[in-house]
There are 2 protein chains.
Amino acid sequence: MSRISLFIVDDHQIIIDGLKGLFGPLEDFIICGEANDIESATNGILNLKPDIALVDIRMPNGTEGLKLLQWVVKNKLDTKVVLLSMHHDVRIIQDAKNWGAKGYLLKNTGKDELFHALRFIVDGGVYFYEAQEEKHQQEIVFTPKELEVIRLIVEGYSSSEISQKLSISDETVKVHRRNIRNKTGTTNTVELINKLVELGFPY
Amino acid sequence: MSRISLFIVDDHQIIIDGLKGLFGPLEDFIICGEANDIESATNGILNLKPDIALVDIRMPNGTEGLKLLQWVVKNKLDTKVVLLSMHHDVRIIQDAKNWGAKGYLLKNTGKDELFHALRFIVDGGVYFYEAQEEKHQQEIVFTPKELEVIRLIVEGYSSSEISQKLSISDETVKVHRRNIRNKTGTTNTVELINKLVELGFPY
DNA sequence: ATATATATACCTACTAATGGGTATCTTTTG
DNA sequence: CAAAAGATACCCATTAGTAGGTATATATAT
């Protein structure tokens, strides 16, 4: 049986180098390529046809890891995409599952769990990190419309701008903002943004 | 000559594992310990007396790496502290230099530069990353008062709260805010925060 | 089917923020 | 010394955000 070929995509070179060091001593893995951005990644994956692409979700321009995932799926490539993230983000995990990712791992995952997950995925499994009921802070659930509003708030748009983009009244936007503040226990937009970061939201 | 002992502090286990993999094959380095938080780090450094502590600046509660640096310096330990960061942040680099750090490296530094820097530091040098005149966006310089105001803005305080904390008029705070917005080319607080993140500011 | 959740939109009232202006005082720099 | 930069504080006007209310329609779930 041939070695499992890995392609690593991360904008932080030190993580790529670190993963190389991690996988170097292993008999059953080989890192066949790497990329620091999406364009290089698509080229590399097309040419090298790796078994697995290990992709950092958060890159300079938002969740580009998801875009790469979508590209792989749309092009019907055999490469299995495994996403790496700093945070446990239920929404992104759901998106990733829906788009056909084979795994979602946190960057503070230990190497043994990483190896286990990748071998499991190559054998046809999927491996998604699930928070183990750390319900000391009960999960905040936003409605779909609230999520749309949140994404525009964090971009810096005002309520009237958001109302235009969503084709609703600015009064409605204000209601959504109020509900979002109440759900998050915050009293102004900056506090809200800090809370969202704390929840691992913007990545 | 004995091997250079390294102690790694990072809240992301995968980076620790990655660095272990990186240094594993090297004859002249040995990783003698690791920690995911400040308390474990102080214990480990006290007991193991490593030559170098490689410390992630940004941890869950702000720039804790700087706190660890200060602790090492205040306790007059022989361990040399080298800071790792995601961003090139002139203010933090200056703080780090003032507090006696021996180095400041970006996480997207390649492994060869990392090795070179650490050997250089062990030999008595210092190694601070300097942006190589990427003056396509000219550096934004904030006055000391503006920096105080910025740090309170990003915490979520209103102008009147900031005025109380700084014992100045809220009208003066508004002036500082206006000047800060003008310097950064932003028109509201959320845009400002996004700009600051882009500049690598809050870490 | 009735209750719940979601989305919509309005109301009032108040506070905060933004974008201008002028002016004074101090410190630093040439 | 004169000029520039920094910090202070006020003026004006307008927009934006916060905090509460009611109300309606629709879809979802018990």
Side-chain angles (χ1 to χ4, degrees), chain A residues 90-91 94-95 98 135 138-199 201-202, chain B residues 90-91 94-95 98 135 138-199 201-202:
Chain A
V90 177
R91 178 174 60 85
Q94 200 52 54
D95 282 356
N98 290 341
K135 296 281 182 181
Q138 72 277 17
E139 195 175 5
I140 298 173
V141 180
F142 298 109
T143 68
K145 211 68 185 186
E146 283 168 357
L147 288 172
E148 291 185 72
V149 173
I150 285 174
R151 284 167 201 152
L152 293 169
I153 289 174
V154 302
E155 295 280 322
Y157 293 111
S158 69
S159 294
S160 70
E161 288 169 330
I162 293 172
S163 75
Q164 289 174 254
K165 285 180 182 288
L166 299 184
S167 302
I168 56 180
S169 158
D170 67 318
E171 293 290 337
T172 305
V173 175
K174 286 184 185 179
V175 173
H176 287 309
R177 294 184 82 132
R178 194 199 310 164
N179 293 336
I180 291 166
R181 283 197 306 275
N182 289 340
K183 280 185 180 180
T184 52
T186 57
T187 57
N188 65 51
T189 307
V190 179
E191 279 185 10
L192 169 63
I193 288 175
N194 289 339
K195 184 73 172 184
L196 292 172
V197 170
E198 183 193 313
L199 296 173
F201 202 85
Chain B
V90 177
R91 177 175 62 85
Q94 200 53 52
D95 283 356
N98 291 340
K135 297 282 184 182
Q138 73 277 19
E139 196 175 3
I140 298 173
V141 179
F142 298 109
T143 68
K145 210 68 184 183
E146 285 168 355
L147 288 172
E148 292 186 70
V149 173
I150 285 174
R151 284 166 200 153
L152 293 170
I153 289 174
V154 301
E155 295 281 322
Y157 293 112
S158 68
S159 294
S160 70
E161 288 170 330
I162 293 172
S163 75
Q164 289 174 255
K165 285 180 181 287
L166 299 183
S167 301
I168 56 180
S169 158
D170 67 318
E171 292 290 338
T172 306
V173 175
K174 287 184 187 178
V175 173
H176 286 309
R177 294 185 82 133
R178 195 199 308 164
N179 292 337
I180 291 165
R181 282 197 305 275
N182 289 340
K183 280 185 179 179
T184 52
T186 58
T187 58
N188 64 50
T189 306
V190 179
E191 279 186 10
L192 169 63
I193 288 176
N194 289 340
K195 184 73 173 184
L196 292 172
V197 170
E198 183 192 314
L199 296 172
F201 202 85

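These numbers come from the heavy atoms of this one structure, side chains and all, not from hydrogens, waters or symmetry mates. Throughout, protein chains are lettered first and strands after them, A, B, ... in sequence-line order, and every chain is numbered starting at 1.
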Is the shortest side-chain N/O distance from [X] to OP1 or OP2 of [N] below 4.0 Å?
X        : N      : answer
B/His176 : D/dT8  : yes
B/Thr172 : D/dA7  : no
A/Thr143 : C/dA7  : yes
A/Lys174 : D/dA16 : no
A/Ser160 : D/dG17 : no

Quickly work out the [X] [atom1] to [N] [atom2] distance and round it to whole Å.
X        : N      : atom1 : atom2 : answer
B/Phe142 : D/dA5  : CZ    : P     : 17 Å
A/Leu192 : D/dG17 : CG    : P     : 12 Å
A/Asn182 : D/dG20 : CG    : P     : 7 Å
A/Asp170 : D/dA16 : CG    : P     : 9 Å
A/Ile162 : C/dA7  : CD1   : P     : 15 Å
A/Leu166 : C/dA7  : CG    : P     : 11 Å
B/Lys145 : C/dT26 : NZ    : C1'   : 14 Å
A/Leu147 : C/dT6  : CG    : P     : 11 Å

Practice task
Would you kindly compare A/Val175 and B/Ser169 by the position of their nearest DNA chain D nucleotide and give the one closer to the 5′ end?
Solution key: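 In this pair, the answer is B/Ser169.
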
Practice task
Could you say whether B/Val141 or A/Ser159 is positioned toward the 5' end of DNA chain D, judged by the nucleotide with the nearest heavy atom to each?
Solution key: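 Its nucleotide being nearer the 5' end, the pick is B/Val141.
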
Exercise for the section: Using modelled atom types only, decide if a donor and an acceptor are shared between the side chain of B/Glu191 and the backbone of B/Thr187 within a distance under 3.5 Å. Expected result: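 Yes: the side chain of B/Glu191 pairs with the backbone of B/Thr187.
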
Problem - Any donor-acceptor N/O pair, B/Glu146 side chain to B/Phe142 backbone, under 3.5 Å - result: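 Side chain of B/Glu146 to backbone of B/Phe142: no pair is present.
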
Could you work out which one of [options] sits closest to the side chain of [X]?
X        : options               : value
B/Glu171 : D/dT8, D/dG17, D/dC11 : D/dC11
A/Arg177 : D/dG17, D/dT8, C/dA17 : D/dG17
B/Arg181 : D/dA7, C/dA16, C/dG19 : C/dG19
B/Asn188 : D/dA7, D/dA16, C/dT18 : C/dT18

Practice task
Check if the side chain of B/Arg178 and the base of C/dG20 share a donor-acceptor pair of N or O atoms closer than 3.5 Å.
Solution key: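 For B/Arg178, whose side chain was compared with the base of C/dG20, there is a donor-acceptor pair (under 3.5 Å).
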
Fill in the blank from the handout: With A/His176 as partner, the option from A/Ile150, A/Val149, A/Leu166 fulfilling side chain to side chain contact (heavy atoms under 4.5 Å, CB included) is A/Val149

Practice task
Please give the nucleotide sitting opposite C/dA9 as a Watson-Crick or G-U wobble pair, both distances under 3.5 Å, or none.
Solution key: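 Paired with D/dT22.
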
Handout entry: pair A/Arg177-A/Ile153: side-chain heavy atoms closer than 4.5 Å
Key =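 Of all side-chain heavy-atom pairs linking A/Ile153 with A/Arg177, at least one is under 4.5 Å.
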
Problem - Side-chain touch A/Thr189/B/Thr189, heavy atoms, less than 4.5 angstrom - result: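 The answer is no; the side chains never approach within 4.5 Å.
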
Practice task
Please tell me which of B/Tyr157 and A/Pro144 maps to the more 5' nucleotide of DNA chain C, matching each residue to the nucleotide holding its nearest heavy atom.
Solution key: A/Pro144

Problem - Spacing of B/Ile180 atom CD1 and B/Thr143 atom OG1 [to the nearest 0.5 Å] - result: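 Rounded to the nearest 0.5 Å, the CD1-OG1 separation comes to 7.5 Å.
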
